[in-house]
Amino acid sequence: MIRIRISAAQGSTPRDTGAEMVVTPDRLIGTIGGGQAEYMAVDRARQMLAKGQDQAVMDIPLGPEIGQCCGGRLVLDLTRIDALPAAAPRPQVLVLGAGHVGRALAHALSLLPLDVVLIDQRAAELAQAHPSVATRLTPLPEAQIRAAPPASAFVVLTHDHALDFLLVAEALRRGDAAYVGLIGSDTKRRRFDRFAREQGLDPAPLTCPIGAGFAADKRPEYIAAFTAAEIAAVLSQALSPAAGAAMGALPPASRRTPPPGYLDNEETSCPT
């Protein structure tokens with residue numbers, strides 16, 4: 001096997017420094033961004049396998065000379081390895097509430113390189129989750145929040161406003177969450193802010209409403225898509241400074257303004 005790793009990336013490139021892929025005689029695992037540059041690197045890696053070479057370096061300008069228009073430059077380290085590298089732990093996202101939006105959100109997030117768990121106290125709701133989604137039935141969802149690894153993301157969308165508030169407070173109390181989101185309206189946000197201050201908590205890190213600032217569509221699948229994009233942006237920034245710099249134009253979720261009427265009615269702010 002040959003590991004291809006981006007050791008330097010200058011200008012506009014399809015992946016950043018540190019991105020890796022593994023090449024075997026008949027498989028590709030991962031990607032360094034695709035396109036002609038990856039094709040050239042894979043070809044070189046297979047030549048190395050055929051000739052028994054252990055190491056090589058490629059310096060590839062991403063311009064017209066290779067038929068790629070990024071305009072940047074990649075330096076690739078190609079190294080023979082005996083076993084697949086250990087996969088880095090995936091950020092964990094706990095989706096607390098398996099109603100319509102919770103199930104749709106967990107499914108959307110499951111397509112990303114994240115460790116997603118859908119949590120609820122109701123077996124019948126969890127049973128309706130997409131087969132690709134990991135589920136956890138528990139009478140104590142707050143215990144799952146406490147047990148989550150550092151820098152996890154928590155999204156609260158239960159069927160009970162009081163439970164919502166307790167779970168959000170638990171997530172904020174940790175002090176190390178990458179993202180804490182709550183489905184709701186501006187009214188619900190104001191109510192939670194008062195509750196949080198009564199509990200001695202700073203409500204500022206909370207994102208509520210979730211998925212705001214995109215469009216006013218209230219269908220569960222759309223709310224899920226908007227929220228998945230929001231969470232992916234936050235976690236990507238946390239994991240990759242380069243990705244964060246590239247996304248600098250996107251305001252933090254907690255500061256984006258919902259479209260007029262977005263989840264503004266408390267009766268429709270928590271669809272389950």
Side-chain angles (χ1 to χ4, degrees), residues 1-93 108-109 111-115 150-153 176 178-179 213-214 225-226 228-256:
M1 290 182 287
I2 301 293
R3 179 179 63 193
I4 304 172
R5 183 178 188 276
I6 300 177
S7 59
Q10 300 175 346
S12 177
T13 58
R15 293 290 303 275
D16 300 317
T17 300
E20 296 182 352
M21 67 182 297
V22 173
V23 179
T24 75
D26 57 0
R27 291 180 64 198
L28 301 179
I29 304 165
T31 179
I32 56 168
Q36 185 68 9
E38 181 172 298
Y39 177 84
M40 294 168 60
V42 169
D43 183 61
R44 179 68 177 276
R46 287 189 169 145
Q47 290 179 30
M48 292 172 61
L49 289 171
K51 296 177 181 179
Q53 294 179 325
D54 291 332
Q55 288 189 317
V57 176
M58 299 180 70
D59 187 346
I60 305 177
L62 306 178
E65 56 265 51
I66 69 164
Q68 199 156 334
C69 61
C70 297
R73 196 175 198 96
L74 290 176
V75 177
L76 307 178
D77 290 340
L78 289 75
T79 307
R80 183 182 292 272
I81 58 175
D82 296 324
L84 290 174
R90 294 184 167 196
Q92 185 166 93
V93 183
L109 290 169
L111 303 176
L112 302 174
L114 302 170
D115 176 13
S152 293
D176 65 355
Y179 173 95
F214 294 93
F226 301 150
E230 186 172 274
I231 294 168
V234 170
L235 294 179
S236 180
Q237 274 186 293
L239 291 172
S240 168
M247 296 166 61
L250 180 67
S254 58
R255 294 212 309 265
R256 291 206 294 275

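All figures in this text were calculated on a predicted structure; none of them were measured in a lab.
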If you define the side chain from C-beta out and look only at heavy atoms, does anything of [X] sit under 4.5 Å from [Y]?
{"X": "V22", "Y": "P85", "value": "yes"}
{"X": "V57", "Y": "V75", "value": "yes"}
{"X": "L62", "Y": "P14", "value": "yes"}
{"X": "D77", "Y": "I4", "value": "no"}
{"X": "V23", "Y": "L28", "value": "yes"}
{"X": "L235", "Y": "V93", "value": "yes"}

Qualifying residues under salt bridge (charged side-chain N to carboxylate O under 4.0 Å, His left out), relative to [X], sequence neighbours excluded:
{"X": "R3", "result": "none"}
{"X": "R5", "result": "E20"}
{"X": "D82", "result": "none"}
{"X": "R46", "result": "none"}

What's the shortest heavy-atom distance between [X] and [Y], and which atoms?
{"X": "L112", "Y": "R90", "value": "O-NH1, 3.9 Å"}
{"X": "A228", "Y": "A108", "value": "CB-CB, 4.0 Å"}
{"X": "A41", "Y": "I32", "value": "CB-CD1, 4.2 Å"}
{"X": "A45", "Y": "I2", "value": "O-CG1, 3.6 Å"}
{"X": "R27", "Y": "T24", "value": "N-OG1, 2.8 Å"}

First locate atom [atom1] of [X], then atom [atom2] of [Y], and finally report the distance between them rounded to the nearest 0.5 Å.
{"X": "E230", "Y": "Y179", "atom1": "CD", "atom2": "OH", "value": "3.5 Å"}
{"X": "L74", "Y": "I6", "atom1": "CG", "atom2": "CD1", "value": "5.0 Å"}
{"X": "D26", "Y": "L49", "atom1": "CG", "atom2": "CG", "value": "10.5 Å"}
{"X": "R44", "Y": "L76", "atom1": "CZ", "atom2": "CG", "value": "10.0 Å"}

Set of side-chain contact (heavy atoms from CB on, under 4.5 Å) partners for Q53, sequence neighbours left out: M48, K51
Non-neighbouring partners of T31 that pass side-chain contact (heavy atoms from CB on, under 4.5 Å), sequence neighbours left out: R15, E38
